[in-house]
Amino acid sequence: MKYDFSQIEKKWQGIWDEKNTFAATNDYSKPKYYALVEFPYPSGQGLHVGHPRSYTALDIVARKRRLQGYNVLYPMGWDAFGLPTENFAIKNHIHPAIVTEQNVARFKQQLKSLGLSFDWNREINTTSPEYYKWSQWIFLQMFKHGLAYKKEMAVNWCTSCKVVLANEEVVNGCCERCGGEVVRKVKSQWMLKITEYAQRLLDDLDEVDYIERVKTSQANWIGRSTGAEVKFGTTAGEELLIYTTRPDTIFGATYMVISPEHPYLKLWADKISNMDEVAAYQEEAAKKSDFDRTEMAKDKTGVKLVGVEGINPATGKNIPIFVSDYVLMTYGTGAIMAVPGHDTRDWEFAKKFGLPIIEVVKGGNVEEEAFTDCATGIMVNSGMLDGLSVEDAKVKIIDWLKEQGKGEAKVNFKLRDWVFSRQRYWGEPIPMVYCEKCGWVPIDESELPLRLPDCESFEQTDDGQSPLSKMTDWVNTTCPHCGGPAQRETDTMPQWAGSSWYFLRYMDPHNENELASKEAMEYWGQVDWYNGGMEHTTLHLLYSRFWHKFLYDLGLVSNKEPYAKRTSHGMILGENGEKMSKSRGNVVNPDDIIKEYGADTMRLYEMFIGDFEKSAPWSTSSIKGCKRFLDRLWALNDMVVEGSEYSKELETPFHKTIKKVSEDIESMKFNTAIATLMSLLNEIYDHKSINKAELKTLLSLTQPFAPHIAEEMWELNQLGGMANETKWPEYDEAKCIDSTVEIVVQLNGRIKSRIVVPTAASKDELLAAAKADAVVKAEMEGKNIVKEIVVPGKLVNIVVK
RNA sequence: GCCGCUGUGGUGGAAUCGGCAGACACACCGGACUUAAAAUCCGUUGAGGGCAACUUCGUACGAGUUCAAGUCUCGUCAGCGGCACCA
């Protein structure tokens, strides 16, 4: 009988659907396992071959866990708010909700055709009011706890489209759509105080099992640094607060720099005699887009303040103050002490402006370049610090500054607060109202969800307001506080909002009264295993950890961290080794692959393609090897004999395979797990028959990877029940060991012979057997043994002279 | 510039603790079956030398540690991804 994959796959997908085979139960007495993949953005292009890599991987884990007796939650949903849909809607004059609906339908059909064991009863969609009600609710709690606030922020503004752009839409300083110039424009925006959680977000990385590179990039993104805040006196009177990570080098501070946005410039305006020049520089800096500022990074610019000088608290000397855009207002205090001898940027600036460079840490040549090494240097030219190491000097100077009331130790983070407003239509409305009398007032929780009003046009206004601002009926409302006239917030939430808590909703997706019941959240607890792309490690992953910690503080969830384990898959590249994209013309459509080879082959190939964590190029010819494997598996149907125990010849191979496949799935080495199954199949072919006990194990191991063919063969051979209901096969460590093993015999590290010995042979027996070998014996003739190395199970190496 | 990842046959990739480099596949070549092709099955395949047994070289490059290095240490180069003056 032919392996008719399309008929088989359709059949089993129908049966699983009908029987609700993969539904997570509400039987809270069973041990639970929560496997999660990032829910997709349902784009108009349909599923990409990259999606199934992650989905199949955790599908394998989920299917294995079910056989291991767990109540498994493996859900799927749609992260459906976002720009491409909105842009498509604008262009084609279709409501984004309709576009979303169509895209979701397509994605769902495609995912189903892959035989993924998602629990479709728990499907969620971030754009449905039942869902975003709770995104809005969480926002309100944040506002009430002082974590949401309004702030004037620079946004990207396309001068030709007259539209506010997201950072993703700005390519090389130009508008992604029209190529027009993008500048910064200041707008009042909602912000979320993620910085308040910076330390906890960093510390709790120790508690979770994330792959190392995810942890390091999160830690780098948070960017904690320790140093000191020091007050420098000025001739203007006011003290200027600076931040430094190298307080030890204070004696080498020969000038100061403040950012062009620093408020003291306004304060000192009439004391600065060259204020015209300074103001011109400020204006120049303000005009620069982020891109320009980056471009200028190489060349330092600045203006010296005439009329105001700083006073170094350590030396008591007057030093000049400069304004320069290499100092950012958004980090530290917006002002620095410049130590050109020991900071590369300060060194460059000092060279350009002819400022004195003083060596205060010995070890380099400060005339040639800044000496920044903290580990080896010794303090010089630093008064009381002379002779100390950098580390000791830091401690001593901070103590001294503290005594003088001039400074203290201070920790800073690179992490910035989260800009939470978007001037867009297709997002969750922010449930806030502005009242002239009461300021920003949250709407009453009973009014949630605040529905996105229907709209004809989804374009921003000419001055960059959200499309919602045109809906005056909706905008004009009454103040929930005083009852007077008021206006709704017309900005919407960013796409990251819905994905910051979605894993909780899966636990209890139809709950109308809470985001999820306490009971469900207690039971499902943390996500046990979360897999997703590296591109989400710093934004989505950090944002959702932040929201979760906030919910933890409210007492809603019982874990500090949402995800116990996080892994990441590599990208699937085009056949030419480049990133797949429409413009490169190297996109592979999963539908075509499924049609030609079947879902099982597709799944198998995506797992066999290479190291799961690394990117791998697609290969249309390699996929045939996986199809061939399934054809050969199917052909076993004609080789099945009765038998309730493993046959003698295949016993060890089977135990070994169970062990290897079991372990490889846990460590995401799907490619070698499949290679092992292929080897086993080759051995079965050598053996010329397979009995039912063996077939049962083989199909149980294959089922997570290629579920349709496994179910069909299971049924055909009447193995009882369904393949997805059986128990995960067990292995006996003792039966994984072959009775004999081949040992390599080396002389001076070169292989001379191979001997077959009992696996249990002792070191002495191995050595004796090696020496007894004819070739070895002849080569050793007349030579002295210097050293003998015996590694049981591997080799014997004899060093002779 | 900084951070992270990677570098192994013609190709994708294997190789727990330092212990037989190239598992498992793809492709190629040869053979069987066939009128023929496809499919399938069997076999060869890192490079060089030798009739052969065998032997030399070989994991980006250069050093080092070791009986033994793809694996560890130091340095260099190349590619990919991220960040962008964070004091």
Side-chain angles (χ1 to χ4, degrees), chain A residues 212-214 216-217 219-221 223-225 227-228 242-247 249 253 256-257 259 290-291 293-300 324-328 330-339 342-346 348-349 372 412-416 534-535 537-538 570-571 573 575 577-579 605 608-611 613-626 628-629 631-632 635 663 667 669 671-682 685 742-751 754 775 786-800:
Chain A
E212 217 43 49
R213 59 198 167 116
V214 169
T216 26
S217 36
N220 289 343
W221 192 263
R224 184 184 197 268
S225 74
I242 62 102
Y243 174 72
T244 179
T245 55
R246 294 292 304 274
T249 61
M256 299 178 80
V257 186
S259 141
D290 281 343
F291 181 68
R293 266 182 111 139
T294 310
E295 273 294 88
M296 301 306 281
K298 304 282 178 300
D299 202 17
K300 299 273 183 292
S324 173
D325 64 2
Y326 88 85
V327 171
L328 309 172
T330 46
Y331 184 77
T333 63
I336 61 157
M337 65 174 200
V339 185
H342 306 282
D343 181 280
T344 315
R345 296 150 304 182
D346 297 345
E348 282 169 13
F349 191 88
T372 56
N412 257 321
F413 296 94
K414 285 187 196 172
L415 187 68
R416 308 286 163 81
M534 273 311 277
E535 69 274 23
T537 39
T538 45
M571 237 189 313
L573 306 171
E575 207 134 9
E578 289 172 33
K579 200 169 157 175
Y605 175 63
F608 188 63
I609 195 166
D611 185 335
E613 294 192 3
K614 292 183 197 148
S615 54
W618 186 268
S619 161
T620 307
S621 57
S622 292
I623 199 167
K624 287 180 193 153
C626 291
R628 223 168 267 166
F629 169 70
D631 283 335
R632 278 159 59 84
E663 290 173 354
S667 52
K669 293 179 163 194
N671 54 338
T672 50
I674 293 167
T676 309
L677 287 170
M678 287 173 168
S679 297
L680 179 65
L681 186 65
N682 290 342
Y685 266 77
E742 193 185 69
I743 297 281
V744 168
V745 183
Q746 299 180 331
L747 282 183
N748 295 338
R750 294 197 172 269
I751 299 161
R754 290 160 209 276
V775 178
V786 180
K787 200 170 182 178
E788 290 163 337
I789 296 113
V790 182
V791 184
K794 303 264 182 194
L795 57 68
V796 173
N797 186 15
I798 303 170
V799 184
V800 293

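Note: hydrogens, waters and symmetry copies are ignored here, and every other heavy atom, side chains too, is used. So that the names make sense, note that chain A is the first sequence line, chain B the second, and so on, each numbered from 1. Keep in mind the model is a prediction, meaning the values are calculated, not measured.
- A stem is defined here as three or more consecutive Watson-Crick or G-U pairs, each with both distances under 3.5 Å; for RNA chain B these stems are B:1-7 with B:77-83, B:10-12 with B:24-26, B:29-32 with B:40-43, B:46-49 with B:54-57, B:60-64 with B:72-76.
- In this model, a side-chain donor or acceptor of A:Lys300 finds a partner on the base of B:rC85 within 3.5 Å.
- Distances were taken from every side-chain heavy atom of A:Met678 (C-beta onward) to each of B:rA87, B:rA15, B:rA25; the shortest belongs to B:rA25.
- With C1' as the reference atom, B:rC17 and B:rC5 are 24 Å apart, rounded to whole Å.
- B:rG10 and B:rU59 are spaced 13 Å apart, taking the P atom of each and rounding to whole Å.
- With both ends at atom C1', the span from B:rU11 to B:rU66 equals 35 Å, rounded to whole Å.
- B:rC54 and B:rA60 have their C1' atoms separated by 31 Å, given to the nearest Å.
- Under the 4.5 Å side-chain criterion, counting only non-hydrogen atoms from C-beta, A:Ile609 is not in contact with A:Asn671.
- For the C1' atoms, the distance from B:rU34 to B:rU40 is 12 Å, rounded to whole Å.
- Nucleotides B:rG31 and B:rU44 are separated by 15 Å at their P atoms, to the nearest Å.
- Rounded to whole Å, the C1' atom of B:rU56 lies 42 Å from the corresponding atom of B:rC33.
- Across all strands, A:Lys579 comes closer than 4.0 Å to no nucleic acid atom at all (heavy-atom distances).
- When atom types are taken as modelled, the side chain of A:Asp346 and the backbone of A:Val339 share a donor-acceptor pair closer than 3.5 angstrom.
- Cation-pi check for A:Lys300 over A:Phe349 is not met; the charged atom does not lie both under 6.0 angstrom from the ring centroid and within 45 degrees of its normal.
- When each of B:rA87, B:rG19, B:rG13 is scored by its nearest atom to the side-chain atoms of A:Val791, the top-ranked nucleotide is B:rG19.
- Nucleotides B:rA27 and B:rG12, compared at atom P, are 15 Å apart to the nearest Å.
- Of the candidates B:rA23, B:rG13, B:rC83, the closest approach to any side-chain atom of A:Asp611 belongs to B:rG13.
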Next item on the list: Let me have a per-nucleotide readout for nucleotides 48-54 of chain B, 5' to 3', with B, S or -, counting only protein heavy atoms under 4.0 Å.
Entry: -------

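- Note on A:Lys414: a base of the nucleic acid sits closer than 4.0 angstrom, heavy atoms only.
- You'll find that the side chain of A:Leu328 is closest to B:rC85, out of B:rC24, B:rA14, B:rC85.
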Identify all pairs in which a protein N or O lies below 3.5 Å from an N or O of nucleotides 42-47 of chain B, and state each distance.
none

Item checked: Heavy-atom protein contacts under 4.0 Å, nucleotides 67-74 of chain B, coded B base, S sugar-phosphate only, - none -> B-------

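- Of the residues in residues 617-624 of chain A, A:Pro617, A:Ser621, A:Ser622 come within less than 4.0 Å of RNA chain B through at least one heavy atom, sorted by number.
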Table of protein N/O atoms under 3.5 Å from nucleotides 55-59 of chain B N/O atoms:
unit_1, atom_1, unit_2, atom_2, d
B:rC57, OP2, A:Arg750, NH2, 3.4

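- Among B:rA14, B:rG19, B:rA87, the nucleotide with an atom closest to any side-chain atom of A:Asn671 is B:rA14.
- Counting to the nearest Å, the P atom of B:rG4 and the CH2 atom of A:Trp221 are 16 Å from each other.
- With B:rA87, B:rC20, B:rG4 as the candidates, the nucleotide lying closest to the side chain of A:Val744 is B:rC20.
- The nucleotide whose nearest atom lies closest to any side-chain atom of A:Leu795 is, among B:rC5, B:rG19, B:rA23, B:rG19.
- B:rA14 atom P lies 12 Å from atom CD1 of A:Ile609, rounded to whole Å.
- In this structure, of B:rA25, B:rC3, B:rA87, it is B:rA87 that holds the atom nearest to the side chain of A:Tyr331.
- Taking the nucleotide of RNA chain B with the nearest heavy atom to each of A:Thr244 and A:Tyr605, the more 5' of the two is matched to A:Tyr605.
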